[in-house]
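Inspection log for the structure reproduced underneath, given as structure tokens.
Heads up: numbering here begins at 1 and tracks the sequence.
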Amino acid sequence: MRIDLLATAKAVPELRYRLRGHGFDVRLCVSELVTNVIDHLGEGTPVTVVVRDGDGGCTRIEVTDPDPRALPVLLHAAPVDESGRGLALLGAVAVRWGVRQGEREKTVWCEVAEDRGDGRHGKIAGRTASTTAP
């Protein structure tokens, strides 16, 4: 599935609704990645969201924006901080994640284990999060 949109606060819940056929972790990661675009590049930034079957029973999520210079940085938020947890959350639920940088755009991607239908979410046993692109 490919969705082109403007990254706005209103678009995030609408995007989650459009992805309602996917598990919670997929919707959470898409929300976090699009929110990062809003927070760091500004409201109304054009983005492309791609959600597709990945390798090994994972769902691959890609969010592409037009700024190749604004790279995501994993922060260590203090308990009282109101922001700075997005990539930590992504790392907690994704099997792996990374950034693909182009001349005119960048894509932040992650792979999420399919919901097993037992109410449990998260990483596939034995695999860890990584910030290297495949």
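Hydrophobic clustering places L41 together with V47 (ILVMFWY residues linked when any side-chain heavy atoms are closer than 4.5 Å, directly or through intermediates). Taking hydrophobic clusters as Ile, Leu, Val, Met, Phe, Trp and Tyr residues chained together by side-chain heavy-atom distances below 4.5 Å, V50 does not share a cluster with L19. M1 and V49 fall within the same hydrophobic cluster, defined by Ile, Leu, Val, Met, Phe, Trp and Tyr side-chain heavy atoms under 4.5 Å apart, directly or through other members.
The CG atom of L90 sits 8.5 Å away from atom CG of N36, with the distance rounded to the nearest 0.5 Å. Remark: E43 CD to K10 NZ distance equals 11.0 Å, nearest 0.5 Å. With rounding to the nearest 0.5 Å, the separation of CG in L5 from CG in L15 is 6.0 Å. For the atom pair OG1 of T35 and NE2 of H40, the computed distance is 10.0 Å after rounding to the nearest 0.5 Å. Taking NE2 of H22 as the reference point, atom SG of C29 lies at 12.5 Å (rounded to 0.5 Å). With rounding to the nearest 0.5 Å, the separation of CZ in R60 from CZ in R52 is 5.5 Å.
In this structure, V51 and V26 approach most closely via the heavy-atom pair CG1-CG1, 4.1 Å. Between D67 and R69, the shortest heavy-atom distance links the atoms OD1-N, 2.9 Å. Of all non-hydrogen atoms in P46 and P66, the two that sit nearest each other are O-CD, 3.3 Å. Heavy atoms only, all atoms of each residue included: L6 and A11 are closest at O-CB, 3.6 Å. Taking every heavy atom of both residues into account, A7 and V34 meet most closely at CB-CG1, 4.1 Å.
Each of D65, T64, T48 was evaluated against T107; a single residue qualifies, T64, per the side chain to side chain donor-acceptor pair (under 3.5 Å) test.
Cation-pi geometry between R27 and F24 is not satisfied (NZ or CZ under 6.0 Å from the ring centre, within 45° of the ring normal).
E111 places no side-chain N or O within 3.5 Å of a backbone atom of R96 that could act as its donor or acceptor partner. Here the side chain of K106 pairs a donor or acceptor atom with the backbone of A70 at under 3.5 angstrom.
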Could you go through V12 and I38, starting from their C-alpha distance and side-chain angles, then the distance that decides it, and tell me whether this counts as side-chain contact (heavy atoms from CB on, under 4.5 Å)? CA-CA 10 Å; V12 174; I38 295 167; 4.0 Å; yes
